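Written below as structure tokens is the structure these notes are about.
Every heavy atom of this structure was used, including side-chain atoms; hydrogens, water molecules and symmetry mates were not. Predicted model only: the values in this text are computed from it and were never measured.
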Amino acid sequence: MPATRARLLVMNAALGPLDYRVPEGMLIQHGSVVVAPLGPRQVTGIIWEEEKLPTSPVPESKLRPLLAIVDVPPIRAELRRLIEWTADYYIAPLASVARMVISSGGALRGPATMIEYRLSGGMPERMTPQRERAIAALEGEQATIRELSGLAGVSEAVLRGLVNQGVLEPVEVDIDRPYTGARHDYDEPELSEQQTEVSARLVEAVAAEKFAPILLDGVTGSGKTETYFEAVAQALKGDRQVLVLLPEIALTEAFLSRFEARFGAAPITWHSSLKSTERRRAWRAIASGEAQVVVGARSALFLPYANLGLIVVDEAHEISFKQEDGVRYNARDVAVMRGHFESIPVVLASATPALESLHMADSGTYEKLVLPARYGGAQLPDIQLVNLNDEQPGRGSWIAPPLRRALEDRLERGEQSLLFLNRRGYAPLTLCRNCGFRFQCPNCSAWLVEHRLSKRLACHHCGHETAPPEKCPECGEPDCLVACGPGVERIADEVAEILPDARVALVTSDTLNSPERAAEFVAMAEAKAIDVIVGTQLVTKGFHFPELTLVGVIDADLGLEGGDLRAAERTYQQVAQVAGRAGRGAKPGEVLIQTRHPEAPVIAALEAGDRDAFYEAETDARRHAGAPPFGRWAAIIVSSEDDAEARMAANRIGDTRPRLDDVMILGPAPAPLSLLRNRYRYRLLLNARRSAQLQQVIRDWLSRVDHPPGVRVGVDIDPYSFV
Ligand SMILES: [Zn+2]
Ligand SMILES: [Zn+2]
């Protein structure tokens, strides 16, 4: 008998579950996406199991009828269980998690077309150099005006002129047109003996169609990607979908070309800067099962794959897998849970795995596969410390003499160098030389960072920007700004001074802010059109430049400041990853690490190239502190635009704290970023033993306290950033 009533998870976190009547003739099932009336409006929702979504029942007579079923495949049970798990574990509203699944509003609408343009063969009445250039460049192309303008290097107005003249003709295309298929046997690689062994195991895991969490632990340059590509090939053979999660959208372009070379077609990409038509096309292809391989940022994890057979999390140690707003989840950990619900293998690939992942492997929960050697016999680079206490750079400069000599030497030999400093902009702090006034963000308790390239002072927390003032706002002195400390822009300036003939490329999220820019940079570096790369953490991973033989770390101590729980691990990972960029080709690489603390365990381990020593020391420190993986952390962040209101709310929560043996509660105290985007913030930290029911404790506790509407209370389970 068809269902007569249905329970709905509606896509609105402020609402609980709602019951509706199923009109006669409407065939629904659990997971169906439907449209329902809500007051005078309409809402989208997912039909859910009543027993999994308890609410007080509504009498039959009061039920309103569902309006329509949306023409997309029902959300599968495996994914519904993942939504429930994520909401429960991260203490987030179910609707907020479900919204990450239904992440393309356009996808829910019926068949759709869009207009693209192509050359008609006609000529304009009047030819201009710009028009001539466009016509030459667009031979054989068909795309939207915006894309064509990018391809031809002329403005959209020029192209619209050509449309009016009939030189470009419109073509109506189906938004959901099929993607080019990838082929598992397009270009099978020659693998090393180790790669062959590891890939055989990965292929076996995919073929088994069972849950298998696998840590693929391989040194930088060991050919991890080629190795897990064989698992991707196996999934393609079996007509199963694959998801590859990457930490940075800037890295996607290099990945895409490697993928295309191996499988003969590009995978489908998923990230926040997709156009809405591309989003819709990808979402529907993923849901129908047509999409074979999806490469994306963490948000790709919650898409409604029809037939997932493998998940790979590449650079799995990266902190960008942790989402810091909305649902605060860690995509690495949720990926493993998705693998569990889908009964498929999940591969976490990294050269510097997170301590938590290594611990899971050592305890036998994850299987560990190791690639210990570099591909093609390339040697790991030679690592030297530059002790800044002895080797001081000159005044206003940050490159010490040994690094300077090494740079000069590389330029002479025609080899490439890379300098790493994880600080965007020109200088982290700007002050007035006359009165000492420091430029602070009006919305955050943070200094404004000078960006000379864009002639801006910017806040890296809220995005506030302002032009540098002509005179000091405090004392009125003109031309008084002094830059304090280095950012990458300043290092690039210093390189230009030392090596006036060198071609310098600056690589930060400010300069490589689109996949196209990233592709351009990679092409230039590979063509040896760049001598020195200066970059932030963006350059620490993924790139493979055979001519790069020198890596200089400007300030290895930077990451150790700040008292973050994972500071040592992050420093180790960043420096080890950036060091891994050196000597990937036939020529050996050299790494110079500038530090004021050569004796710090993490720096000493880096110098010795002794990964095990680092992980052992770090494991001891974590065990001692009850930190992950030995204990667990959670943060409760209370914020309001009104400082007193936020403080009072935090105190009320603090006053009702539970007294428990296995959970230690610290605070409330002003958060390190005590003002963020105009909201005052207070924080409580929880440190729990593994035995504690941490989420239940927090849920019970917070449910006892009420707040005024302006107060927000956020929970961060397994936090990464302690700001
Ligand atoms: Zn001043
Ligand atoms: Zn700010």
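When only modelled atom types and interatomic distance are considered, D314 and Y228 share a side-chain donor-acceptor pair under 3.5 Å. There is no side-chain donor-acceptor pair under 3.5 Å between S350 and E315. The closest side-chain donor-acceptor pair between E84 and W48 falls under 3.5 angstrom.
The backbone N or O of I75 lies less than 3.5 Å from a partner atom in the side chain of R80, making a donor-acceptor pair.
The two atoms that bring P54 and P17 nearest to each other are O-CG, 4.0 Å, heavy atoms only. Among all heavy-atom pairs drawn from G339 and I311, the shortest one is N-CD1, 4.2 Å. When all heavy atoms of I91 and Q695 are compared, the pair lying nearest together is CD1-O, 3.8 Å. Scanning all heavy atoms of the two residues, the minimum distance from I319 to Y720 falls at CG2-CD2, 3.4 Å. Smallest separation of non-hydrogen atoms from V97 and A92: CG2-CB, 4.3 Å.
Between E116 and R177 there is a salt bridge, with a side-chain nitrogen of the basic residue lying less than 4.0 Å from a carboxylate oxygen of the acidic one. The pair E147-K275 meets the salt-bridge criterion, with a side-chain N (NZ, NE, NH1 or NH2) lying under 4.0 Å from an Asp/Glu carboxylate O. Between R338 and E78 no salt bridge is recorded (no basic side-chain N to carboxylate O distance below 4.0 Å). Salt bridge status for R262 with E230: present, with a side-chain N to carboxylate O gap under 4.0 Å. Ion pair R146/E156 not flagged as a salt bridge, since none of the NZ, NE, NH1 or NH2 atoms sits closer than 4.0 Å to an Asp/Glu carboxylate oxygen. Between E290 and R281 no salt bridge is recorded (no basic side-chain N to carboxylate O distance below 4.0 Å). Of the charged side-chain nitrogens involved, at least one lies within less than 4.0 Å of a carboxylate oxygen, so that E60 and R5 count as a salt-bridged pair. A salt bridge does not link R64 with D19: every distance from a Lys NZ or Arg NE/NH1/NH2 to an Asp or Glu carboxylate oxygen is 4.0 Å or more. Salt-bridge formation is not detected for the pair R7/E49: no Lys NZ or Arg NE/NH1/NH2 atom is positioned less than 4.0 Å from an Asp or Glu carboxylate oxygen.
Side-chain contact between L243 and V312 is absent, with no heavy atoms from C-beta onward closer than 4.5 Å.
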Run Y329 and D718 through side-chain hydrogen bond (donor to acceptor under 3.5 Å, both in side chains) and show every step you take. CA-CA 9 Å; Y329 69 97; D718 308 336; over 6 Å; no
For side-chain contact (heavy atoms from CB on, under 4.5 Å), just list the numbers for Q195 and E197, CA-CA rounded to whole Å, side-chain angles, deciding distance to a tenth of an Å, and then say yes or no. CA-CA 5 Å; Q195 284 178 310; E197 211 174 287; over 6 Å; no
Please lay out, stage by stage, how T44 and V10 fare under the test side-chain contact (heavy atoms from CB on, under 4.5 Å). CA-CA 6 Å; T44 306; V10 288; over 6 Å; no
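Annotation: E324, atom CD; neighbour count of heavy atoms from other residues, nucleotides and ligands within 6.0 Å is above 12. Other residues, nucleotides and ligands contribute over 12 non-hydrogen atoms within 6.0 Å of the CD atom of E51. Heavy atoms of other residues, nucleotides or ligands lying less than 6.0 angstrom from CZ of R201 number more than 12. Environment of OH in Y89: crowded, with over 12 heavy atoms of neighbouring residues, nucleotides or ligands closer than 6.0 Å. No more than 12 heavy atoms of other residues, nucleotides or ligands sit less than 6.0 Å from atom CZ of R41.
No close placement of the F211 and F341 rings is indicated, their centers lying 6.0 Å or farther apart.
With D176 as reference, R284 is the one residue of R279, R284, R109 to meet the salt bridge (charged side-chain N to carboxylate O under 4.0 Å, His left out) rule.
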